[in-house]
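Numbers restart at 1 for each chain; the letters A, B, ... are given by sequence-line order, proteins then strands. As the structure is a computational prediction, the values presented were derived from the model and not from experiment.
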2 protein chains.
Amino acid sequence: MALGTELSIGQVAQRTGVAVSALRYYETQGLLQANRNAGGQRRFARATLRRISFIIAAQKFGFSIARIRELFVNLPENRTPNETDWSKIALEFRAELDAKIASLEKLRDNLDGCIGCGCLSMKKCALYNADDKVAAHGAGAQLL
Amino acid sequence: MALGTELSIGQVAQRTGVAVSALRYYETQGLLQANRNAGGQRRFARATLRRISFIIAAQKFGFSIARIRELFVNLPENRTPNETDWSKIALEFRAELDAKIASLEKLRDNLDGCIGCGCLSMKKCALYNADDKVAAHGAGAQLL
DNA sequence: CCTTGACCTAAAGTGAGCTTTAGAAATTAC
DNA sequence: GTAATTTCTAAAGCTCACTTTAGGTCAAGG
């Protein structure tokens, strides 16, 4: 495969560190798109690497695939996203990040005041009554 | 059930907001212990409320059940944990929280420098090469 | 006493995010 | 040209943290 052209799924996997199976999964979830060559194999545009880079980062922050898909609807489908396209997403993303970090810090500070405070009532406990905005709306692990 | 005595699973659920099924699950996972009354029903010591409060908070921070169990091994089994017992756990917990928050902040700052930066190479991208310590070691959602 | 609601166990089901498997076709390397 | 590697699809499997279900037992109120 010549340089400057599209990439096979294996090449994308190697460059991003994301498993081939995960890339195929992302495609089924609408996070990635791929052309097909004559033999039916996926060929990814180089701009896809950037999308994947974003997916990796967003997942580290705990964003679900559904939420990432929502952010991606702002990216153009018929041309390679430019800096302005990404900046719009970054703005929205950044705001959510700040909110999440602030929420975690608040929870941490509540914890400081509560652990060892001797309170036995869940009703009065600052920890228990901490900002629920950090709580998951579904099941499963969070943050790490 | 008189005041000052042990609590039924329904009472614990009501006070903590944790589902009865989740409480039973936590018991199977070794996060909680319960005595049984003559009829075989669970009776929770009041100190259990504090353990549950901690579980709720730790989960908001993304700690897995396995990790919470590890933190709990430092709590005494044969007596009610006192402030000193909890403080030891809080110290360890707090350190991990700070690390996680710092890691998220670093990732956010890397994002600021990377989104829209025009770099196309995953090898050079600060975002892609951000601190991997935040990455999950298993499957599933994180942080929220 | 008897009904109603709370509680019991064990096992199966759920949803997110993938991975693994199986069997076949395409591509690359020699 | 042929062997090895990569890729393909569809479906099943896996982990985590629970919930739901099914079929009972226990406890509190009237």
Side-chain angles (χ1 to χ4, degrees), chain A residues 1-2 5-32 34-44 48 52 55-70 72 135-144, chain B residues 1-2 5-32 34-44 52 54-70 72 135-144:
Chain A
M1 246 140 268
T5 62
E6 300 187 302
L7 302 164
S8 72
I9 197 167
Q11 290 175 314
V12 173
Q14 201 173 9
R15 280 160 190 264
T16 60
V18 173
V20 165
S21 59
L23 293 173
R24 284 198 274 250
Y25 175 70
Y26 292 156
E27 193 192 24
T28 70
Q29 298 305 299
L31 297 191
L32 304 178
N35 298 321
R36 298 298 177 121
N37 72 358
Q41 298 192 352
R42 289 172 184 80
R43 288 298 175 262
F44 292 92
T48 304
I52 295 167
I55 293 169
I56 294 168
Q59 291 206 115
K60 283 180 184 170
F61 276 109
F63 282 70
S64 69
I65 284 188
R67 186 74 191 94
I68 297 170
R69 184 168 44 220
E70 283 175 20
F72 276 178
H137 51 294
Q142 301 152 36
L143 198 145
L144 176 41
Chain B
M1 248 141 266
T5 61
E6 299 187 303
L7 301 164
S8 71
I9 196 167
Q11 290 175 315
V12 172
Q14 201 173 9
R15 280 160 189 264
T16 61
V18 173
V20 165
S21 60
L23 293 173
R24 283 197 274 249
Y25 174 70
Y26 291 156
E27 193 193 23
T28 70
Q29 297 305 299
L31 298 190
L32 303 179
N35 299 321
R36 299 297 178 123
N37 73 357
Q41 299 191 350
R42 288 173 185 78
R43 287 299 176 262
F44 292 92
I52 295 168
F54 187 89
I55 294 169
I56 293 168
Q59 292 206 111
K60 284 181 185 170
F61 276 108
F63 282 69
S64 69
I65 284 190
R67 187 73 191 94
I68 297 171
R69 184 169 43 221
E70 283 175 20
F72 277 178
H137 50 295
Q142 300 152 34
L143 198 147
L144 175 41

Partner residues of B:Arg24 under the salt bridge (Lys or Arg N to Asp or Glu O under 4.0 Å) criterion, sequence neighbours left out: none

Residues forming a salt bridge (Lys or Arg N to Asp or Glu O under 4.0 Å) with A:Glu70, sequence neighbours excluded: A:Arg67

Quick one: [X] [atom1] to [N] [atom2], roughly how many Å, whole number?
X: A:Lys60; N: C:dG17; atom1: NZ; atom2: C1'; value: 17 Å
X: A:Ile55; N: C:dG17; atom1: CD1; atom2: P; value: 12 Å
X: B:Arg67; N: D:dT15; atom1: CZ; atom2: P; value: 21 Å
X: A:Tyr26; N: C:dG17; atom1: OH; atom2: P; value: 9 Å
X: A:Gln29; N: C:dC18; atom1: CD; atom2: P; value: 9 Å
X: B:Ile68; N: D:dC16; atom1: CD1; atom2: P; value: 13 Å
X: A:Ile65; N: C:dT19; atom1: CD1; atom2: P; value: 10 Å
X: A:Arg69; N: C:dG17; atom1: CZ; atom2: P; value: 9 Å

Pairwise 5' ranking along DNA chain C for A:Leu23 and A:Ala38, keeping only the more 5' one: A:Leu23

Looking only at side-chain N and O atoms, does [X] come under 4.0 Å of OP1 or OP2 in [N]?
X: B:Tyr25; N: D:dC16; answer: no
X: A:Asn37; N: C:dT27; answer: yes
X: A:Gln59; N: C:dA16; answer: no

B:Arg69 side chain vs B:Gly30 backbone, donor-acceptor pair below 3.5 Å: no

B/S/- contact track for nucleotides 6-12 of chain C, protein heavy atom under 4.0 Å: -SSB---

For the residue pair [X] and [Y], establish whether any side-chain heavy-atom pair is separated by less than 4.5 Å.
X: A:Thr48; Y: A:Thr16; value: no
X: A:Thr5; Y: A:Arg43; value: no
X: A:Leu32; Y: A:Ile55; value: yes
X: A:Val18; Y: A:Tyr26; value: yes

For A:Tyr25, side-chain hydrogen bond (donor to acceptor under 3.5 Å, both in side chains) partners two or more places apart: none

side-chain hydrogen bond (donor to acceptor under 3.5 Å, both in side chains) involving B:Glu27 - partner list, sequence neighbours excluded: B:Arg42

Bend angle of the helix from C:dC1-D:dG30 to C:dC30-D:dG1, end axes from five pairs each (to 10°): 10°

